[in-house]
Peer 1: 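Below: one structure in structure tokens.
Quick note: numbers below take in every heavy atom, side chains included, and nothing from hydrogens, waters or symmetry partners. Note that the coordinates shown come from a computational prediction; the quantities given were computed from them, not determined experimentally.
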Amino acid sequence: MLEKFIAKTTFVSQDDFRENGKLIVPENFNYGYDVVDAWAEEAPDKRALCWTNDQGEHIDFTFADIKKYSDRTAAYFQSLGIGKGDMVMLILKRRYEFWFSIIALHKLGAVVIPATHLLTKKDIVYRANAAGIKMVVCVGEAPILQHVTDALPEAPTIERLVSIGPLVPEGFSDFQRGLKESAPFVRPAQVNTNRDTSLMYFTSGTSGNPKMVIHDFTYPLGHIVTASYWHNVNEDSLHLTIADTGWGKAVWGKLYGQWIAGATVFVYDHEKFTPANMLQMIQDYRITSLCAPPTIFRFLIREDLSKYDLSSLKYCTIAGEALNPAVFDAFYKLTGIKLMEGFGQTETTLTILTFPWMEPKPGSMGVPNPHYDVDLLRPDGSRAEDGEQGQIVVRTHRYRPPGLFQEYYRDPELTREAWHDDIYYTGDVAWRDEDGYFWFVGRADDVIKSSGYRIGPFEVESALMTHPAVVECAITGVPDEIRGQVVKATIVLAKDYRDKVGDDLIREIQEHVKQVTAPYKYPRIVEFVDELPKTISGKIRRVEIREKERAV
């Protein structure tokens with residue numbers, strides 16, 4: 001399958017990939033027909049999805065199964081009036097019905113809006129009205145059903161509500177019954193062109209309402225690099241990406257590129273993450289590759305890994321936030337596996353990464369994906385030199401790569417602000433070393449300016465993480481009359497240090513940072529907390545810490 005969409009499938013170096021790794025983009029590409037149904041025809045019994053949950057249930061789905069159930073789902077959605085261009089929100093947690101539904105909507109030419117189950121009534125109302133959502137498909141659990149029901153009077157575009165169960169209250173159609181009673185699916189005559197919208201994500205910024213990021217039907221092809229040349233999967237792989245389906249990372253690691261490569265996607269449907277349970281899954285199911293945000297790996301390395309047989313695990317990747325070298329070193333010592341970092345956004349696919357043929361540098365994101373024309377720019381628009389901080393940008397004057405978003409939906413002003421003069425500005429700051437490796441500094445909004453110095457949160461957090469008292473931390477800037485801003489550290493302590501909170505521990509941590517990194521970067525303010533505010537994807541919400549500080 002892979003060879004249909006990339007000029008060459010195996011590479012030995014970055015130069016080899018750059019010269020020979022060009023993507024092949026078919027006309028009117030549709031992932032449902034051109035990948036899922038193609039696999040069902042070529043290898044119907046090949047396992048596509050290995051699903052289990054925290055209740056002990058387990059189901060394997062072949063590609064023939066995925067075709068069958070996605071066709072039934074498509075026919076059912078058609079009977080509810082869903083067709084080309086209709087906006088459909090999926091609030092499906094990690095239930096296998098998510099895969100039936102997203103493929104079905106692709107086959108109909110509809111627009112998929114994956115969403116987290118943590119949305120409130122207010123969130124649903126905003127999304128429905130902003131995007132013109134026509135149908136909501138959700139898990140039949142009381143809190144979710146209530147929020148959706150409460151939103152309905154203020155969301156006039158929503159015409160249909162569907163519950164996959166177990167609860168199917170009045171006003172909701174029964175997904176399971178619909179599948180059983182659906183008529184045979186007939187493919188629409190004209191489904192899509194490559195430039196039609198297929199996918200929308202609401203992504204939160206540092207202020208204001210979430211942005212609506214839309215992608216076209218070629219977006220899945222951008223994830224060939226994600227799966228085959230970052231996750232390093234193949235037809236024999238059983239791959240686990242730890243992500244809820246409401247987060248963009250789900251289609252990065254639990255669908256598009258993995259199935260193009262022919263890998264089996266592993267899904268553990270659980271209510272609460274516990275490191276021990278996840279390690280048990282890796283052992284019992286013989287997972288071969290794992291991708292997770294740094295938060296997950298920080299918890300895994302604090303477990304006794306000697307209790308588990310992790311011999312099946314061969315490759316691990318990490319993204320979502322910058323990787324602290326201390327986490328890299330600890331995981332490598334415990335497992336012999338080097339974490340391969342990558343960087344991308346909701347607006348892109350994988351933009352910067354550590355390829356399998358490269359030696360990782362702990363703390364570095366890797367090198368630019370040759371499918372993107374990546375550069376670093378100073379604030380004045382000139383090109384940053386090696387060793388100099390600059391904003392990560394993507395130049396689009398020569399071509400627009402598959403995977404780069406179309407626009408911020410219904411917001412041309414915001415689109416022009418982020419993407420103008422054939423340059424897309426990511427809003428993330430990094431620097432490049434002499435070997436071409438990129439090193440993350442922080443969001444442009446997160447960079448701290450203190451006494452004339454520019455301090456990236458990540459570099460201070462990396463220093464803090466080498467102290468045994470620190471489990472997790474976040475660095476933010478606090479306004480200061482003399483210095484402009486001072487560095488503040490918000491820290492979650494290790495269990496053995498929780499009874500040592502006081503000035504002595506604060507001074508010890510401050511001195512440690514001065515020894516590990518430049519002294520001017522040390523945190524002048526230190527706060528200990530039980531937990532850090534995070535997004536559903538595990539990213540630390542520094543903006544929430546800053547807002548709390550301003551409210552004091």
Side-chain angles (χ1 to χ4, degrees), residues 1-6 23-44 46 48-49 61-78 80-88 90 97-114 134-135 137 182 184-201 213-228 245 248 250-252 254-263 265 349 371 400-406:
M1 185 69 65
L2 185 61
E3 60 275 6
K4 293 182 180 179
F5 305 113
I6 191 165
L23 292 177
I24 301 168
V25 181
E27 187 176 356
N28 301 334
F29 173 76
N30 184 294
Y31 187 84
Y33 301 115
D34 296 327
V35 176
V36 172
D37 287 6
W39 270 118
E41 183 175 343
E42 293 177 22
K46 182 170 178 48
L49 191 69
F61 296 95
T62 64
F63 278 107
D65 292 329
I66 298 295
K67 172 178 167 47
K68 177 177 72 174
Y69 288 114
S70 64
D71 280 353
R72 287 184 181 178
T73 304
Y76 173 49
F77 288 169
Q78 273 184 321
L80 298 178
I82 299 301
K84 179 177 171 63
D86 288 330
M87 300 277 182
V88 179
L90 303 180
E97 288 89 349
F98 171 80
W99 284 264
F100 302 169
S101 298
I102 190 170
I103 300 303
L105 292 169
H106 287 338
K107 288 180 174 181
L108 293 173
V111 181
V112 184
I113 306 176
K134 185 174 181 179
M135 183 170 78
V137 184
S182 62
F185 175 59
V186 178
R187 177 175 176 170
Q190 176 59 38
V191 181
N192 66 275
T193 68
N194 284 346
R195 295 294 287 151
D196 287 334
T197 302
S198 69
L199 184 69
M200 175 189 289
Y201 276 105
V213 178
I214 58 173
H215 287 282
D216 65 27
F217 275 83
T218 68
Y219 173 75
L221 297 175
H223 282 303
I224 286 174
V225 171
T226 309
S228 294
T245 61
V251 296
W252 282 52
K254 302 165 92 81
L255 178 59
Y256 290 139
Q258 290 69 35
W259 282 356
I260 291 174
V265 170
T349 53
H371 295 163
R400 178 184 172 277
L404 185 60
F405 78 129
Q406 291 177 297

Peer 1: Quick one: CG on Asp196 to OG1 on Thr218, what's the gap to the nearest 0.5 Å?
Peer 2: 11.0 Å
Peer 1: Please name the residue in the list Val35, Val112, Leu255 that meets the side-chain contact (heavy atoms from CB on, under 4.5 Å) test with Ile103.
Peer 2: Leu255
Peer 1: Considering all heavy atoms of both residues, which atom of Phe100 and which atom of Thr73 are nearest to each other, and what is their separation?
Peer 2: CB-OG1, 3.5 Å
Peer 1: Would you call the rings of Tyr33 and Phe185 parallel, tilted or perpendicular, taking 30° and 60° as the class edges?
Peer 2: parallel
Peer 1: When rounded to the nearest 0.5 angstrom, what distance separates CD in Gln258 from CG in Leu49?
Peer 2: 11.5 Å
Peer 1: Considering only NZ, NE, NH1 and NH2 on the basic side and carboxylate oxygens on the acidic side, decide whether Asp37 and Arg187 come within less than 4.0 Å.
Peer 2: no
Peer 1: State, yes or no, whether a side-chain contact exists between Phe98 and Lys254 at a heavy-atom distance under 4.5 Å.
Peer 2: no
Peer 1: Quick one: pull up CG in Leu2 and NZ in Lys4 and give me the separation to the nearest 0.5 Å.
Peer 2: 11.0 Å
Peer 1: Ala104 and Ala74: which non-hydrogen atoms are nearest, and at how many Å?
Peer 2: CB-N, 3.4 Å
Peer 1: Verify whether the ring centers belonging to Phe63 and Trp259 lie closer than 6.0 Å.
Peer 2: yes
Peer 1: Set out, in order, the CA-CA distance, both residues' side-chain angles and the distance that settles side-chain contact (heavy atoms from CB on, under 4.5 Å) for Ile82 and Leu108, then state yes or no.
Peer 2: CA-CA 8 Å; Ile82 299 301; Leu108 293 173; 4.3 Å; yes
Peer 1: Give a yes or no answer on whether the side chain of Ser198 reaches the backbone of Asp216 with a donor-acceptor pair at less than 3.5 Å.
Peer 2: yes
Peer 1: For the atom pair CD (Gln190) and CG (Asn28), what is the distance rounded to the nearest 0.5 Å?
Peer 2: 6.0 Å
Peer 1: Between atom CZ of Arg400 and atom CZ of Phe405, what is the distance when rounded to the nearest 0.5 Å?
Peer 2: 9.0 Å
Peer 1: Do you know the tightest heavy-atom contact between Val191 and Lys84?
Peer 2: O-NZ, 3.3 Å
Peer 1: Looking at Asp71 and Lys68, would you say the former's side chain and the latter's main chain have a donor-acceptor pair under 3.5 Å?
Peer 2: no
Peer 1: Does any N or O in the side chain of Ser70 come within less than 3.5 Å of the main-chain N or O of Lys67, such that one atom is a donor and the other an acceptor?
Peer 2: yes
Peer 1: Assess whether side-chain contact (heavy atoms from CB on, under 4.5 Å) is satisfied between Ile260 and Tyr31, documenting all intermediate values.
Peer 2: CA-CA 9 Å; Ile260 291 174; Tyr31 187 84; 3.9 Å; yes
Peer 1: Indicate the atoms forming the closest heavy-atom contact of Val111 with Gly85, along with that distance.
Peer 2: CG2-O, 3.9 Å
Peer 1: Given Phe29, which of Tyr256, Phe5, Tyr219 fulfils the ring pair (Phe, Tyr, Trp, His ring centres under 6.0 Å) condition?
Peer 2: Phe5
Peer 1: What closest approach, in Å, do His371 and Pro401 show between heavy atoms, and which atom pair accounts for it?
Peer 2: O-CB, 3.1 Å
